[in-house]
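Notes for the one structure printed next.
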Amino acid sequence: MELLTPHQREQMIANGRANAGREHTHDFKPVVKLFCPWGPAIWLLTELDPETNIAFGLCDLGQGFPELGSVSLSELESVEGPVGLRIERDTYFTATKTLSAYAREAHALRRINR
């Protein structure tokens, strides 16, 4: 399964262009939720730079310190877990709030609330 659908990729690129050089002044709802099926890592992503394949969003590796930051989609695509498992897209995820609201909640809980 691809990490992003074509529509999600387009939306994240548009969001990234809207925030280009502006220190993320637009507070978008996450476009996609990625997760690690063999561990606690979750990524809620809002923006994508198509030239570098670097996404921006809320990243939680499951160590109690979720943070806003950047992640390489190419690196996530290359991760292989036990018995060939891969990072997956949550096909049932629909964002209900902005990224900053998810971040505030995650900092209080020390994790992204599933």
Within this structure, what is the SG-CG distance for the pair Cys36 and Leu61, rounded to the nearest 0.5 Å? 9.5 Å
Might you point out which heavy atoms bring Pro40 and Gly62 nearest each other, and give the distance in Å? CG-CA, 3.7 Å
Side chains of Asp27 and Ser100: any donor to acceptor distance under 3.5 Å? yes
Can you check whether Leu34's main-chain N or O pairs, donor with acceptor, with Asp90's side chain at less than 3.5 Å? no
The single option from Asn113, Thr96, Asp60 passing side-chain contact (heavy atoms from CB on, under 4.5 Å) against Tyr102: Thr96
When Phe28 is tested against each of Thr98, Asn19, Leu99 for side-chain contact (heavy atoms from CB on, under 4.5 Å), which residue passes? Asn19
Sidechain N-carboxylate O distance under 4.0 Å for Glu77, Arg86: no
Distance check, rounded to the nearest 0.5 Å: Arg110 atom CZ versus Gln63 atom CD? 11.0 Å
Tightest non-hydrogen contact, residues Gln8 and Thr5, listed as OE1-N, 2.9 Å
Nearest 0.5 angstrom please: Leu58 CG to Lys33 NZ, how far? 11.0 Å
Check whether more than 12 heavy atoms from other residues, nucleotides or ligands sit under 6.0 Å from atom CD of Glu80, and answer yes or no. yes
CG (Leu4) and CD (Glu2) are apart, to the nearest 0.5 Å, by 8.5 Å
Between Gly69 and Cys59, the two heavy atoms sitting closest are O-SG, 4.1 Å
Which residue is it: Arg17, Arg9, Met12, Glu10? I am looking for the one with a side-chain contact (heavy atoms from CB on, under 4.5 Å) to Pro50. Arg17
Atom CG in Leu45, atom CG in Leu73: separation rounded to 0.5 Å? 6.5 Å
Just wondering, are more than 12 heavy atoms of other shown residues or ligands nearer than 6.0 Å to CD in Glu75? no
Atom of Val32, atom of Leu3 and distance for their closest heavy-atom approach: CG2-O, 4.0 Å
Same cluster for Leu76 and Ile42 if Ile/Leu/Val/Met/Phe/Trp/Tyr side chains link at under 4.5 Å? no
Testing the basics here: between Val31 and Thr46, what is the closest heavy-atom pair and its distance to 0.1 Å? CG2-O, 3.9 Å
Between Ile87 and Pro37, what is the shortest heavy-atom contact and its length? CA-CD, 4.4 Å
